[in-house]
There are 2 protein chains.
Amino acid sequence: MVGVSNGLTQARRGPRPGGVDTRAALLDAAREVFAERGYQGATMRAIAARADVDAAMVNHWFGSKEGLFAEAVMDIPFDLDGLVRRLLDGDVGRLGERIVRTFLTNCDTAGGGVFAALLRSGADPGPGGHHLHDFVITSILAPVLRAVGVDQPDFRAMLVTTQVVGIGVVRYVARFDQFAAADVDRIVTAVAPAIQRYITGDIA
Amino acid sequence: MVGVSNGLTQARRGPRPGGVDTRAALLDAAREVFAERGYQGATMRAIAARADVDAAMVNHWFGSKEGLFAEAVMDIPFDLDGLVRRLLDGDVGRLGERIVRTFLTNCDTAGGGVFAALLRSGADPGPGGHHLHDFVITSILAPVLRAVGVDQPDFRAMLVTTQVVGIGVVRYVARFDQFAAADVDRIVTAVAPAIQRYITGDIA
DNA sequence: CCGGCAATTCATCACTCGTTGAAATCGTCC
DNA sequence: GGACGATTTCAACGAGTGATGAATTGCCGG
């Protein structure tokens with residue numbers, strides 16, 4: 001292919017008119033492609049093509065493919081403290097419900113692709129190998145479970161993780177029809193009691 | 001690298017003495033590497049190296065990388081009917097326990113790598129994209145749930161899948177330490193009631 | 001109006017991938 | 001024991017990868 005947006009004539013070099021934000025376009029495209037194809041499967045050329053830009057821009061703006069991945073997927077500007085606080089704010093007996101609902105609504109709106117990218121690439125060798133653990137458990141669930149003050153907080157956090165990650169895989173990665181299309185409330189109703197039991201129930 | 005087993009001298013061509021089964025060695029190596037690296041990440045050269053054999057043997061015995069994957073991972077000689085029958089044999093009230101235990105013991109012994117390979121490669125673009133669904137749901141859980149005779153069998157099967165797949169991801173793919181090392185009985189005790197509720201409990 | 005800086009594209013490099021065909025070697029049957 | 005077929009390794013190809021450096025262009029301060 002000769003150009004990027006046009007296959008016949010060569011695209012003009014130099015800055016683009018209209019002050020378009022190439023960096024941001026690359027970040028968006030990267031999240032999409034990483035979510036669809038995983039870290040290895042996402043080629044820089046495919047990402048650049050989706051951003052309608054030359055592949056060399058990845059190196060120009062992020063230094064390397066790994067740098068782009070770090071900024072697009074792992075460097076989530078997330079208010080972790082606020083999230084933990086919101087989860088803990090309310091009846092402990094309904095914490096399970098808040099966790100599922102928060103997870104689903106967050107992923108359904110903005111971060112759906114981010115979770116898929118994180119998980120898909122967590123299964124890849126490459127950067128971000130253990131960031132799923134750091135993110136889900138170390139940063140969120142373990143603090144929450146500790147604050148609740150139950151026994152075996154780490155094992156309980158792990159149990160909650162299995163259920164939440166399982167939902168994420170089925171809904172956002174594998175995209176099993178019936179579950180990917182299911183209503184958030186329906187899933188919350190069905191799953192929340194199971195998670196609640198992992199948090200405050202008898203598991204030993 | 002010059003040879004395969006020896007970096008200095010060239011390995012002798014022609015059949016190997018002692019009637020070693022190259023095909024089987026390749027299948028075993030393929031299951032391992034596919035499980036570790038996913039479909040794209042597993043290179044034919046890496047698989048062949050683990051089987052201590054030249055990469056061209058993959059094409060000789062299986063035609064292509066995809067053929068090897070199909071036979072090594074997807075073509076599991078599994079007694080599905082027998083599995084379904086064993087699950088249904090016994091108290092319905094303890095079906096959840098049987099499902100988790102069967103899943104864990106099967107994966108811990110032989111098929112651990114197979115599940116990881118199936119899931120990792122299910123997240124890859126490549127062959128075997130929807131075989132996770134066909135295997136877990138269509139072939140196993142949906143028939144079981146239908147035989148039990150509850151309402152919403154498909155949705156219940158989906159819920160069970162989320163929990164089982166989540167355990168599989170955390171234990172065999174992401175390998176979170178605490179859960180990968182956990183005792184089977186401990187996990188069964190903690191998780192079985194949740195799955196049992198998905199099967200026979202109130203979820204709507 | 002012009003000089004420099006930043007942004008963008010192009011051409012290309014070295015490397016790895018899956019695949020292929022030929023050469024070499026072993027086992028077996030007559 | 002000699003020929004033939006099956007098995008194995010080797011060398012190479014074409015495509016695609018991430019990365020790099022030069023060439024080109026627009027924008028902004030003087």
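Below, chain A is the first sequence line, B the second, and so on; all start at residue 1. In this text, all values refer to a predicted model and were calculated from it rather than measured experimentally. Atoms considered below: every heavy atom in the structure, side chains included; atoms not considered: hydrogens, waters and symmetry mates.
Here the P atom of nucleotide dG16(D) and the NZ atom of Lys65(B) are 15 Å apart, to the nearest Å. One can place CD of Gln40(B) at 14 Å from C1' of dT16(C), the figure rounded to the nearest angstrom. Regarding Asp21(A), its CG atom lies at a distance of 17 Å from the P atom of dA6(C), rounded to whole Å.
Residues Arg23(A) and Ser64(B) both approach DNA chain C. Their nearest nucleotides, taken by heavy-atom distance, put Arg23(A) toward the 5′ side.
You'll find that the side chain of Ala56(B) is closest to dC10(D), out of dC10(D), dT8(C), dT7(D). Looking at the side chain of Asn59(B), the nearest of the listed nucleotides dT20(C), dT12(C), dT8(C) is dT20(C). Picking from dT9(D), dG18(D), dC10(C) the nucleotide with the shortest atom distance to the side chain of Asp54(B) gives dT9(D). Side chain of Met57(A), nearest nucleotide from dA19(D), dT8(D), dT8(C): dT8(C).
Remark: His60(A) is in phosphate contact with dA7(C), judged by side-chain N or O atoms under 4.0 Å from OP1 or OP2. The shortest distance between the side-chain N/O atoms of Thr22(A) and the OP1/OP2 oxygens of dT8(C) is below 4.0 Å. Taking side-chain N and O atoms only, Trp61(A) has no distance below 4.0 Å to OP1 or OP2 of dA7(C).
The terminal axes of the helix from dC1(C)-dG30(D) to dC30(C)-dG1(D), fitted over 5 pairs per end, subtend an angle of 0° to the nearest 10°.
Using a 4.0 Å heavy-atom cutoff across all strands shown, Ala42(A) reaches sugar-phosphate atoms only and no base atom.
The shortest distance between side-chain heavy atoms of Arg156(A) and Asp151(A) falls below 4.5 Å.
Counting non-hydrogen atoms of other residues, nucleotides and ligands closer than 6.0 Å to CG of Asp185(A) gives a total above 12.
With respect to the salt-bridge test (charged N to carboxylate O, under 4.0 angstrom), the residues Arg37(A) and Glu32(A) do not qualify.
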